[in-house]
Amino acid sequence: MIEKMSFVTLAGPKAQIDYLVNNYLSKHDIHLENALTEFGSTEQFTTFTEENPFKAALNKSHELLQLVKSPEKVKYEEINVIDAEKFLDKIEDDLLDVRTRISELKEDIQKLETDYATLAPFKTLNYTLKRIYDMDFFKYRFGKIPRVGFDKFESYLDPDINAIFIPTLSETEYVYGVFFAPTDYFEDVEKDFKNIHFDEIVIPKKYKGFPNDECLNIAGKIDEIKEQIHSKESEIDEIIEKHKTKLVSSIRRIETAYANFDVRKLSAVTRDSGVTFQVLCGWMTTKEARKLRKETDNDVNVVCIVSDDVDDHKTKPPTKLKNFKLIKPFEMFVRMYGLPAYNEFDPTLFLTITYAFIFGIMFGDLGQGLCLVIGGAILYKVKKMDLAGIVCAAGIFSCIFGTLFGSFFGFEFESVIHPLNSMITLPFLGKINVVLVAAFIFGSFVILSTMILNIVNAIKQKNLGKALFGPNAVTGFIFYASIIAVIALYMTGNPLPGTALLIVMFALPLLLIFLEEPLKNILQKKKPIEDSPGIFAATAFFELFDYLITYLSNALSFLRIGVFAISHAAMMQVVMTLAGAANGGKANILVVIIGNVIVLGMEGLVVGIQVLRLEYYEIFGRFYEGSGREFVPYRKRNKS
């Protein structure tokens, strides 16, 4: 059901908008609208132009909130917005020195890691770097040579070259090493090495020991610095944990102040030269609106006006659904299609009944139904999943029809009806499965019910033309009900109505459906149709023909209910045959379990989707538009 709405207008001095928001809007569910749009007068009203002063504080708050563990468990303390801003600045200052030191330490690690990467390829060099630096008659170069060039090392260099190359690492695409040459020949040797693309690597002079030892020392220093960083990060955690309650309270207060200030964007401000007033307006449930008006009666700073005439306002009321707990999960399917408009019928209860009923017929098995009930109930209880609640409800009807069909995990017992074997003989059709006949009758009943709901919707919307004329209006109901009645009389061997009655039952409703558009225009006092009579007649004829085809296709579409019921019974019969239980044999329990799991998972999913398709295309399409907008209270938006 859709909760009744009232339009609420709140007015007070501009300077006290925070007082109004904190004392009233934050305590009551109100869907705010743009007040300037509602009043439509720019001569008497204007809007707030100030920029939100809490934007910077809000960004800072969100950064600090990332440091708090489980902020949702913190119990808030009352704090004013000025103190909250000061406290956040203090925490930020306390953390700044620690963060600066952490940044410096990370830079030190980065430098050490660079040095390590420089020295690492030369770990195998069995000379101290100091001995190499201190040579008097030789010069050296550390570096790397592409492997391709190194493989041709001897052919590129003069055999009598005055140099020694000591490789230290050759497992990569480069060969790392160091070459030595006498000082007098060094320039020529260096040219030769450049010809084979020798790339020099400069070793920092501060490292003087064996390269491997220096690498170990660097790794040790990196570990020490990481410990220091960890210690500093612990300091941050200690600061946050020590002030956790006040910090979270300050953050929430800033968030509230930011949201409260943004309410100004939806308010209208008077242009009077005296005291400037601000006006807020929006939709509330009638019950909540009366509570608010009662609370503001004695408040001299606030004027509250409640209007129950929803048609007297420029904005349409939002939709707030209120259904019983048992059917509330099915609101998910309604929202997927579209929320009902405020003046529209809420289809949640109808969808709940038809969805669960149809699912039960198509998936009738007592044992598998119990699995759906238990599994859905547990998930709904633990995870609060709407889909799990739907599965649980559908499972109940699976149990009911499983009992009627005599099936328990595929094992058959005495039943009222069996989907595979129960047959009936009908005139013209001959022998036909009872389940298919029942599906057709059920589908016809549902179609007639949706026509009634469409008429109810039209009356609620004060649209008499929609209620009277059309394929889903009174004319369509009479025509379709007449067809079903004639079919029922023919199948049961009873005499059909006389010619005059048939004309009233068939011809007259079809004529009225044919003239649907001009008749609606007459009732709504609109101009007659602009098309020529010939174009109108041709268009109306093809639309009428399309309606007749739709009547037939809709009725046949419901036959899938019976088809799936028969299919499910057949699949379980196959499972039992594979398990060796046919003709009274002893069943292989493992095969029975595997077969039931496959059927439960595969067919259960397919049936669930098929039922939803029936709901959306064959049922909702006849009476439901789903053009409503959701009721989003300020409190919920503020919390988000």
Side-chain angles (χ1 to χ4, degrees), residues 319 321 327 329-341 344-363 386-387 390-391 393-394 397-398 401 435-458 461 466-467 470-473 475-477 479-481 483-484 513 516 542-568 602-628:
T319 300
L321 299 178
I327 68 173
F330 285 87
E331 288 181 4
M332 181 183 77
F333 284 162
V334 174
R335 294 175 188 276
M336 285 169 59
Y337 191 92
L339 276 173
E344 196 174 8
F345 172 79
D346 176 15
T348 307
L349 178 59
F350 187 74
L351 180 142
T352 302
I353 296 170
T354 54
Y355 187 95
F357 192 87
I358 295 171
F359 186 96
I361 299 174
M362 295 168 73
F363 199 75
D386 287 338
L387 187 59
I390 293 170
V391 168
F397 279 81
S398 289
F401 283 96
V435 176
L436 294 177
V437 176
F440 179 83
I441 295 172
F442 173 77
S444 300
F445 172 77
V446 170
I447 291 173
L448 290 171
S449 300
T450 58
M451 291 179 180
I452 294 173
L453 293 177
N454 183 64
I455 295 168
V456 171
N457 264 340
Q461 296 163 1
K466 180 181 176 182
N472 297 307
T475 51
F477 181 85
F479 174 73
Y480 192 77
I483 291 177
I484 300 302
I513 293 173
E516 174 186 357
F542 284 111
E543 286 181 353
L544 181 61
F545 181 75
D546 181 59
Y547 291 151
L548 293 174
I549 295 297
T550 302
Y551 282 137
L552 178 61
S553 65
N554 287 164
L556 294 177
S557 187
F558 278 93
L559 288 178
R560 75 184 63 210
I561 299 174
V563 171
F564 269 92
I566 295 169
S567 172
H568 180 75
M602 181 183 68
E603 194 182 7
L605 177 62
V606 172
V607 168
I609 294 172
Q610 286 297 323
V611 180
L612 191 60
R613 182 206 170 279
L614 278 173
E615 293 287 346
Y616 283 171
Y617 292 99
E618 315 300 345
I619 298 177
F620 276 21
R622 288 191 171 277
F623 74 96
Y624 185 60
E625 294 179 3
S627 58

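Nothing fancy with the numbering, it's 1 onward along the sequence.
When only modelled atom types and interatomic distance are considered, Arg622 and Asn454 share no side-chain donor-acceptor pair under 3.5 Å.
Pro347 places none of its side-chain heavy atoms less than 4.5 Å from the side chain of Glu615. Two residues are said to be in side-chain contact when any heavy atoms from C-beta on lie closer than 4.5 Å; Pro471 and Tyr480 fail this criterion. Inter-residue side-chain proximity for Phe623 and Asn472 is flagged as unmet; no heavy-atom pair is nearer than 4.5 Å. At a threshold of 4.5 Å between non-hydrogen side-chain atoms, the residues Pro340 and Asn457 do not count as touching. Using a 4.5 Å cut-off on side-chain heavy atoms (C-beta onward), Leu448 and Ile452 make no contact.
For Phe357, the ring pair (Phe, Tyr, Trp, His ring centres under 6.0 Å) test picks out Phe401, Phe442, with sequence neighbours left out. By the salt bridge (charged side-chain N to carboxylate O under 4.0 Å, His left out) test, Arg335 is found to be paired with Glu331, Glu630, residues two or more places apart in sequence or in another chain being considered.
Contact between Phe440 and Leu559 at its shortest, heavy atoms only, is CB-CD2, 4.0 Å. Of all heavy-atom pairs between Ala356 and Ala393, the closest is CB-O, 4.1 Å. For the residue pair Tyr355 and Leu612, the shortest heavy atom distance occurs at CE1-N, 3.8 Å. When all heavy atoms are compared, the tightest approach of Ala467 to Ile455 is O-CG1, 3.8 Å. Smallest separation of non-hydrogen atoms from Ala439 and Ile561: CB-CB, 4.2 Å. Nearest heavy-atom pair across Gln610 and Met362 is CB-CE, 4.0 Å.
Taken from CG in Asp386 to CZ in Phe333, the straight-line distance is 9.5 Å, to the nearest 0.5 Å. In this structure, the separation between CG on Leu556 and CD on Glu618 is 10.0 Å, given to the nearest 0.5 Å. Taking OG1 of Thr450 as the start and CZ of Phe477 as the end, the distance is 10.0 Å to the nearest 0.5 Å. Taking CZ of Phe620 as the start and CG of Leu351 as the end, the distance is 4.5 Å to the nearest 0.5 Å.
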Residues Leu436, Ile566; criterion side chain to side chain contact (heavy atoms under 4.5 Å, CB included); working and verdict:
CA-CA 9 Å; Leu436 294 177; Ile566 295 169; 4.1 Å; yes
Tell me, with the steps shown, if Val446 and Leu614 meet side chain to side chain contact (heavy atoms under 4.5 Å, CB included).
CA-CA 11 Å; Val446 170; Leu614 278 173; over 6 Å; no
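Proximity of a side-chain donor or acceptor of Glu344 to a complementary backbone N or O of Glu625 within less than 3.5 Å is detected. Under a 3.5 Å cut-off, the side chain of Thr354 and the backbone N or O of Phe350 do form a donor-acceptor pair.
Taking the six-membered ring where the residue is Trp, Tyr337 and Tyr616 present tilted rings, their angle falling between 30° and 60°. Aromatic ring orientation, Phe359 versus Phe363: tilted (interplanar angle from 30° to 60°).
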